[in-house]
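Below is one structure; the comments refer to it alone.
FYI, side chains are in, hydrogens and waters are out, and symmetry mates aren't considered; it's all heavy atoms of this structure. Every chain is numbered from 1 and lettered A, B, ... according to where its sequence line falls, protein lines coming before strand lines. Treat the numbers as computed from the prediction; the structure is a model and nothing was measured.
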Protein chains: 2
Amino acid sequence: MGITSRDVARLAGVSQPTVSRALRGDPRVSEETVRKVRMAAEALNYVPSEAGRSLSTRISHRIGVLVTDLANPFYPHLVGPLHDELEQRGYRMMLFTERSEAAASAERLVDRSIDGLVLATSTLDSALPAELGRRELPFVYLNREGTTPADAVAVDNRLGGEQVARQLVEDGHRHIGGIFGPDNTSTGRDRELGFRQALADAGIALRPAHVRHGPFEFETGRDALPELLAADPAPTAVFCGNDVVAIGVLDAARRLGVDVPSQLTVVGFDDIPMASWASFELSTVRHDLRGMARTAAGLLVERVSGAYQGEPRRVVLSPRFVGRRTHGAPSGN
Amino acid sequence: MGITSRDVARLAGVSQPTVSRALRGDPRVSEETVRKVRMAAEALNYVPSEAGRSLSTRISHRIGVLVTDLANPFYPHLVGPLHDELEQRGYRMMLFTERSEAAASAERLVDRSIDGLVLATSTLDSALPAELGRRELPFVYLNREGTTPADAVAVDNRLGGEQVARQLVEDGHRHIGGIFGPDNTSTGRDRELGFRQALADAGIALRPAHVRHGPFEFETGRDALPELLAADPAPTAVFCGNDVVAIGVLDAARRLGVDVPSQLTVVGFDDIPMASWASFELSTVRHDLRGMARTAAGLLVERVSGAYQGEPRRVVLSPRFVGRRTHGAPSGN
DNA sequence: CCTCCTCTTTCATACGTATGCACACTAGCT
DNA sequence: AGCTAGTGTGCATACGTATGAAAGAGGAGG
């Protein structure tokens with residue numbers, strides 16, 4: 001039932017290769033022939049087989065995107081812009097989630113069904129990037145970086161952490177807590193590093209009882225806050241690994257009857273759209289999420305198309321503290 | 001640089017077809033040969049080319065998923081389970097968003113690069129389903145249904161709307177509003193239909209000033225509420241097209257200083273995880289979102305694999321009102 | 001009238017895997 | 001020993017498109 005270029009050729013009275021060339025705009029085909037072929041293709045509703053094409057050209061025009069968890073409200077803000085940018089550049093998007101072991105999932109990525117891969121949730125200890133390098137599948141780190149050298153687009157997370165620390169110190173906080181992301185993510189690690197460093201410069205240390213680590217999820221913040229508030233003294237401010245965690249904290253605070261910001265300052269990271277909802281008005285660290293995703297798509301496409309063949313490039317976006325209504329001076333006592 | 005089955009064959013000292021058969025578990029290949037081939041494949045890090053395979057078998061083992069807008073917090077809850085179920089059944093997921101005209105985007109869907117398609121945001125007036133039928137690309141409606149007959153999985157939206165209406169009436173509301181979804185979606189239309197019908201049965205009519213329509217987005221609820229509250233009399237309860245809209249309403253209420261539920265009852269639809277956050281505690285209509293997605297994936301896979309070839313099947317899930325903390329009796333005045 | 005050149009088209013083949021069919025070889029039976 | 005049945009492998013080819021090389025047509029120039 002599939003219409004092939006042969007069928008079109010027969011109807012147009014030309015050879016199959018001529019059909020291929022005519023439809024692809026090869027200048028060697030006469031206008032007259034192009035017109036005949038176009039009409040025949042139209043009449044038959046011909047759509048070139050992508051499988052045949054990619055077998056012949058060794059280009060699939062597909063890019064994979066790998067994330068751990070779609071349900072996390074953060075990732076759609078990366079995946080959406082990625083999709084749009086890829087489509088604009090003539091690539092389709094395949095979505096993979098990385099539940100199983102990295103090694104096992106490498107197989108399905110290197111069967112030449114994708115030209116390249118966007119790693120959006122790579123961990124520092126993942127074996128996947130090295131494996132991809134070995135298999136020569138081009139990839140780009142997005143948001144999180146890995147240890148294997150490759151194109152990367154990320155935020156200056158240390159700087160972001162520093163900005164938050166300085167703000168909290170300036171607001172007068174001395175008992176400060178942190179609910180950081182996983183140690184094995186560059187985002188989690190660097191935000192914490194910058195935050196701790198700037199606090200240390202101000203002569204403030206984080207007590208272990210005021211620190212938690214966990215995945216960048218709502219539940220992490222929601223479950224960690226009660227524990228932090230049980231410490232004596234309790235922290236008057238909490239810096240969260242990202243907005244989703246911070247919203248979990250706000251949720252817990254509401255449940256506990258803790259008023260924000262009069263009793264507790266909460267700061268997030270990323271400035272996802274939800275952060276500016278009236279329900280949250282979250283003070284956070286803004287960066288260009290959409291631009292980051294599109295830039296990553298651009299770097300990868302340049303790489304897989306051969307337009308760029310040099311050393312890995314690293315694009316670092318600048319973050320900026322955005323004060324909304326979840327931060328303020330600690331209550332005096 | 002790509003390792004092919006020929007390379008493996010050479011190393012194993014067999015023919016290329018034997019490699020193919022051995023690795024695919026053809027029982028006609030002797031154990032001895034299978035072992036040799038396996039070792040050779042292992043040694044060369046051989047991964048079968050997906051392009052070659054799909055050209056030969058005419059099966060891509062890829063399923064497309066079409067949604068309008070990923071940033072909407074609703075869709076990840078469909079796309080996530082879809083991905084998992086598809087992967088479990090041996091299919092990869094390609095993600096498409098439908099921004100451009102349906103006709104234009106049909107082309108890219110029928111190039112035989114996917115075996116089937118999940119329509120998650122189909123509108124009643126879309127030309128795409130008919131076009132897909134004409135091109136013989138199997139598809140399934142998920143959540144929203146269309147007019148062209150096809151496999152479908154959906155909720156009994158009328159019933160859900162009725163349940164909400166009965167609850168509001170029972171709670172004593174007489175001035176009731178609705179912020180419904182688009183008329184050209186089955187979900188929007190049926191929820192409104194059931195809601196209106198049950199209200200009419202109770203002798204209550206919806207005033208036009210209490211009714212809005214809009215896309216299933218946060219902004220729809222956020223922007224519509226002030227308008228509804230400006231009516232005289234103002235509604236004491238608002239039924240929203242889905243949870244995302246309802247959360248927009250809650251957000252606006254908070255911004256306006258309107259207390260929920262003492263001054264305003266708000267009810268959503270879907271029971272997405274966010275609905276149960278302490279920040280919202282949204283009363284809503286629950287259905288099995290995850291199960292719905294997985295069922296759709298199952299129907300489609302059975303269809304594209306040829307396991308099922310009969311008439312279109314329609315699976316309808318039952319919804320159930322879930323009372324949380326955004327509904328109650330109207331304030332007496 | 002022949003040659004050479006340009007322009008357009010066809011020929012032949014590659015891409016990598018899967019599969020119907022033929023073939024070779026072994027074993028079992030009479 | 002000869003025939004049949006059964007088993008395992010190779011041969012030939014299909015899948016649909018793209019592309020380098022060759023061929024054909026037509027015109028210009030000598």
Side-chain angles (χ1 to χ4, degrees), chain A residues 1-38 40-41 44-62 90 107-108 110-115 135, chain B residues 1-38 40-41 44-62 90 107-108 110-115 135 305-306:
Chain A
M1 189 53 234
I3 304 294
T4 77
S5 55
R6 293 195 136 74
D7 301 321
V8 177
R10 201 170 305 126
L11 181 61
V14 298
S15 71
Q16 177 271 324
T18 297
V19 170
S20 173
R21 283 193 252 260
L23 295 179
R24 298 181 50 75
D26 190 308
R28 296 182 303 174
V29 181
S30 71
E31 290 194 21
E32 169 63 18
T33 305
V34 168
R35 204 153 33 75
K36 277 192 308 186
V37 170
R38 281 243 180 79
L44 296 174
N45 267 328
Y46 169 69
V47 178
S49 153
E50 197 279 325
R53 177 172 292 170
S54 48
L55 184 58
S56 183
T57 61
R58 294 150 162 266
I59 296 174
S60 70
H61 288 284
R62 281 187 293 262
E107 288 276 309
R108 62 180 183 168
V110 297
D111 62 4
R112 303 289 161 191
S113 71
I114 56 176
D115 299 335
R135 308 274 200 149
Chain B
M1 192 50 234
I3 303 295
T4 76
S5 55
R6 291 195 139 72
D7 301 321
V8 177
R10 201 171 305 125
L11 181 60
V14 297
S15 71
Q16 177 272 324
T18 297
V19 170
S20 173
R21 283 193 257 257
L23 295 180
R24 297 182 50 74
D26 190 309
R28 297 182 302 175
V29 181
S30 72
E31 290 195 21
E32 169 63 16
T33 304
V34 168
R35 205 150 34 74
K36 278 193 307 187
V37 171
R38 283 242 180 82
L44 295 174
N45 267 329
Y46 169 69
V47 178
S49 154
E50 197 280 324
R53 175 172 294 170
S54 43
L55 184 57
S56 183
T57 60
R58 295 150 162 267
I59 297 175
S60 70
H61 288 284
R62 281 186 293 262
E107 288 277 309
R108 61 179 183 168
V110 297
D111 63 1
R112 303 287 161 192
S113 71
I114 55 176
D115 299 334
R135 309 276 199 148
S305 67

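Taking atom CZ of residue B/R53 and atom P of nucleotide D/dC15, one finds them 19 Å apart after rounding to whole Å. Residue B/K36 contributes atom NZ, which lies 13 Å from atom P of D/dG8 at whole-angstrom precision. Whole-Å rounding puts the B/R6 CZ to C/dT17 P distance at 9 Å. If you take CD of B/E31 and P of D/dT7, they are 14 Å apart, rounded to a whole angstrom. Atom C1' of nucleotide D/dA18 and atom OH of A/Y46 are separated by 10 Å, given to the nearest angstrom.
Residue B/T57 is classed as a sugar-phosphate contact, given heavy-atom separations below 4.0 Å to backbone atoms only. Residue B/V19 is out of contact with every strand shown, counting any heavy-atom pair closer than 4.0 Å. Contacts of B/P48 with the nucleic acid, taken as non-hydrogen atoms under 4.0 Å apart, involve only primed sugar atoms and P, OP1 or OP2. Across all strands, A/T18 comes closer than 4.0 Å to base atoms (heavy-atom distances). Within 4.0 Å (heavy atoms only), B/S30 reaches sugar-phosphate atoms of the nucleic acid but no base atom.
Between D/dT17 and A/R24, no contact under 4.0 Å exists linking OP1 or OP2 to a side-chain N or O. The phosphate of D/dG8 (OP1 or OP2) has no side-chain N or O of B/R28 nearer than 4.0 angstrom. Distances shorter than 4.0 Å separate some side-chain N or O of A/R58 from OP1 or OP2 on C/dG16. A close approach under 4.0 Å does not occur between any side-chain nitrogen or oxygen of B/S49 and OP1 or OP2 of C/dT17.
The base of C/dT8 is not paired with the side chain of A/R21 by any donor and acceptor separated by under 3.5 Å.
The B/P17 side chain lies nearest to D/dC11 when the options are D/dT19, D/dC11, C/dT8. Candidate nucleotides D/dT17, C/dT10, D/dG8 were compared by shortest atom distance to the side chain of A/S15, and C/dT10 ranks first.
Counting non-hydrogen atoms of other residues, nucleotides and ligands closer than 6.0 Å to CZ of B/R38 gives a total of 12 or fewer.
Looking at heavy atoms from C-beta onward, B/R53 lies out of side-chain contact with A/D111 at the 4.5 angstrom threshold.
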